[in-house]
2 protein chains.
Amino acid sequence: MERFSSVSMAVVRRLPKYHRYLEELIKNDIRRVSSQELSKITGFTASQIRQDLNCFGGFGQQGYGYNVDELHDEIGKILGLNKLYNTVIIGAGNLGQAIANYSFFDKSGFKMTAIFDVNPKLVGMKINDIPVVDVDELEQFINEHNIEIIVICTPKSQAQKVADIATRTNIKAIWNFAPTDLKVREDIIVENVHLSESLFTISYLLKEKEEQYRKKK
Amino acid sequence: MERFSSVSMAVVRRLPKYHRYLEELIKNDIRRVSSQELSKITGFTASQIRQDLNCFGGFGQQGYGYNVDELHDEIGKILGLNKLYNTVIIGAGNLGQAIANYSFFDKSGFKMTAIFDVNPKLVGMKINDIPVVDVDELEQFINEHNIEIIVICTPKSQAQKVADIATRTNIKAIWNFAPTDLKVREDIIVENVHLSESLFTISYLLKEKEEQYRKKK
DNA sequence: CAATCTTTGTGATTTAATTAACATATATTC
DNA sequence: GAATATATGTTAATTAAATCACAAAGATTG
């Protein structure tokens, strides 16, 4: 991925984790946390946590640590979670429905505005109060509703077609669950969730472990 | 994650990508490929590809390149895709069903043996020919059917409970889709798919890009 | 079949990421 | 309120990852 900022993706991908762990702390009424305590919870080293946070400014206080609420807020802002993103899901299969039903995304500012599908039986229905719309109307809908993010939950065979349609509009990012790499304009952010790659990694580790075990014997 | 082998996770996580791209080449009847050509397709540098592959031995031939079929096979073996893993899905919600319906996993050697759920209306049904079983029978089922991998698709609130049950058995790996970090025995491989982290990364990049844009003006 | 071209495998180098170390600021204690 | 303990922010050191560069092997060509 082409980057502009000086903050590395390695750091960026840890931010949501910090955010989540801080949320847990808030739930448990913990108001204050040190990098060392965070280290125990998150598994990252205290040093790394401090260095990560300092990419964005000093949120802590020497001798005290970090105020949990404040840090949670700040990281939220850094992640852009204080903003609203008009979002649509494309593909009302199980995966699309799973995402539609997971209200957490909506609460986090990703406004799920519509779900698109080819199946006329689904069109007109609502899933978690989100209308299912005919995919033929996708382009128009994106333009009219100022959609910034599209979530591709179609089969592999349809993913590029959908991406092509969306690319003609002003969308800014694609969250892609189809097991393929999309070709799109340079300026569109693409985040892939390739489930099989994740599963294959398990497979590798299992095999490796078994080999290690055999060696020991 | 605790590692044993000398091959870094960075390399391991690229292997499934190579595997997938090679599959594409096979579909297009391409028999031979150089690291340079692979570089164009995958976006990794040719040098990195050669170095990655050499972690596992020399699969290429100087002056020729790599035999696509052979390399695809070899990477498949490295990933352990020539083996069969008895697998169960826990949670027959949309996400669990999505995974159950995605036959690709089954074809890749992850035998989806059962789906567990608490909902008595679902128990007894079949999803993509996989029986839905009462979650109360989980432990016994795992033991009797030699299950090695469990896929957690439950809500967050149930995930640790399920993990605790599974941890009493001989399972070897957990593929976790619940938005939480599981506490399990050291020897169990846990691969998390934290969707919100992926989405939040998009959010960060969007925000960052907008800031870049404003600066230019 | 000799000459040339291609492309791997690999050691050296560079760049990036992580960890360690510590000075400084603040909190806490007695 | 002085003394001590704590914990950040930050620079330096270390480790890990990616890239470069090239010799050697083998393919291709005329």
Side-chain angles (χ1 to χ4, degrees), chain A residues 1-18 21-22 25 30-75 78 201 204, chain B residues 1-18 21-22 25 30-75 78 201 204:
Chain A
M1 190 180 306
E2 209 179 330
R3 303 303 320 303
F4 303 90
S5 136
S6 54
V7 180
S8 81
M9 279 307 285
V11 175
V12 172
R13 292 200 182 275
R14 282 192 290 269
L15 294 176
K17 287 190 196 287
Y18 295 140
Y21 283 113
L22 288 165
L25 291 178
I30 294 167
R31 293 275 166 82
R32 166 186 172 175
V33 72
S34 68
S35 59
Q36 202 170 28
E37 290 165 327
L38 270 176
S39 169
K40 259 186 210 150
I41 299 169
T42 62
F44 304 123
T45 65
S47 182
Q48 184 166 57
I49 293 166
R50 290 203 302 278
Q51 194 147 84
D52 282 356
L53 296 178
N54 266 73
C55 293
F56 304 97
F59 305 121
Q61 201 162 26
Q62 289 175 331
Y64 178 86
Y66 301 88
N67 177 296
V68 173
D69 279 289
E70 191 192 310
L71 188 57
H72 178 261
D73 261 30
E74 290 293 342
I75 293 178
I78 293 164
T201 304
Y204 174 87
Chain B
M1 190 180 306
E2 209 180 331
R3 305 303 321 301
F4 303 91
S5 135
S6 53
V7 180
S8 80
M9 278 307 283
V11 175
V12 171
R13 292 203 181 271
R14 281 193 291 269
L15 293 177
K17 289 191 194 286
Y18 295 141
Y21 284 113
L22 288 165
L25 290 178
I30 295 166
R31 293 278 164 79
R32 168 184 170 175
V33 73
S34 68
S35 59
Q36 201 171 27
E37 289 164 326
L38 270 176
S39 169
K40 259 186 211 151
I41 300 169
T42 63
F44 304 122
T45 65
S47 180
Q48 184 167 55
I49 293 167
R50 290 203 300 279
Q51 193 148 83
D52 282 355
L53 296 178
N54 266 73
C55 293
F56 304 97
F59 305 122
Q61 202 163 26
Q62 288 175 331
Y64 177 87
Y66 300 88
N67 178 297
V68 174
D69 280 289
E70 190 192 311
L71 187 58
H72 179 261
D73 261 30
E74 289 292 342
I75 293 178
I78 292 165
T201 303
Y204 174 88

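What's counted below: heavy atoms across the whole structure, side chains too, no hydrogens, waters or symmetry copies. Per chain, numbering begins at 1; letters A, B, ... match sequence-line order.
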Can you see if the side chain of [X] gets near the phosphate of [N] - specifically, an N or O under 4.0 Å from OP1 or OP2?
X     : N      : answer
A/Q61 : C/dA25 : no
A/R14 : C/dT18 : yes
B/S35 : C/dT8  : yes
A/Q48 : C/dT19 : yes
A/Y66 : C/dT26 : no
B/Q62 : D/dA24 : no
B/S8  : D/dA16 : no
A/R50 : C/dT18 : no

Legend entry - Donor/acceptor link under 3.5 angstrom from B/Q51 side chain onto base of C/dT8: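 For B/Q51, whose side chain was compared with the base of C/dT8, there is no donor-acceptor pair (under 3.5 Å).
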In this structure, how many angstroms lie between the [atom2] atom of [N] and the [atom1] atom of [X], rounded?
X     : N      : atom1 : atom2 : answer
A/E37 : D/dA7  : CD    : P     : 7 Å
B/N67 : D/dG26 : CG    : P     : 16 Å
B/L53 : C/dT10 : CG    : P     : 12 Å
A/F59 : D/dT8  : CZ    : P     : 14 Å
B/L71 : C/dT7  : CG    : P     : 15 Å
A/M9  : C/dT15 : CE    : P     : 22 Å
B/L38 : C/dT7  : CG    : C1'   : 12 Å
B/R32 : C/dT8  : CZ    : C1'   : 12 Å

Legend entry - Neighbour count above 12 (heavy atom, 6.0 Å) for A/Q36 CD: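 Counting other residues, nucleotides and ligands, CD of A/Q36 stays at 12 neighbours or fewer.
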Inset, instruction - Answer with base, sugar-phosphate or nothing: what part of the nucleic acid does A/S47 contact at a heavy-atom distance below 4.0 Å? - result: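 A/S47: base contact, heavy atoms under 4.0 Å.
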Legend entry - Residue mapping more 5' on DNA chain C - nearest nucleotide basis, A/F44 or A/G63: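 The residue whose closest nucleotide sits nearer the 5' end is A/F44.
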Inset, instruction - State, to 0.1 Å, how close A/Y204 and B/I78 come at their nearest heavy-atom pair, and which atoms those are. - result: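 Reported closest heavy-atom pair: CD1-O, 3.2 Å.
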Legend entry - Considering all heavy atoms, the nearest B/V68-B/R32 contact: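 Scanning both residues, the minimum pair turns out to be CG2-N, 3.5 Å.
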Inset, instruction - Could you tell me whether the side chain of B/F44 reaches within less than 4.5 Å of the side chain of B/R14, counting heavy atoms only? - result: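 In contact.
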Legend entry - Residue B/A10, side-chain atoms from C-beta onward, closest of D/dA18, C/dA27, D/dA27: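 Output: D/dA18.
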Legend entry - side chain to side chain contact (heavy atoms under 4.5 Å, CB included), paired with B/I49, selected from B/D52, B/L53, B/T45: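 Option passing the side chain to side chain contact (heavy atoms under 4.5 Å, CB included) with B/I49: B/L53.
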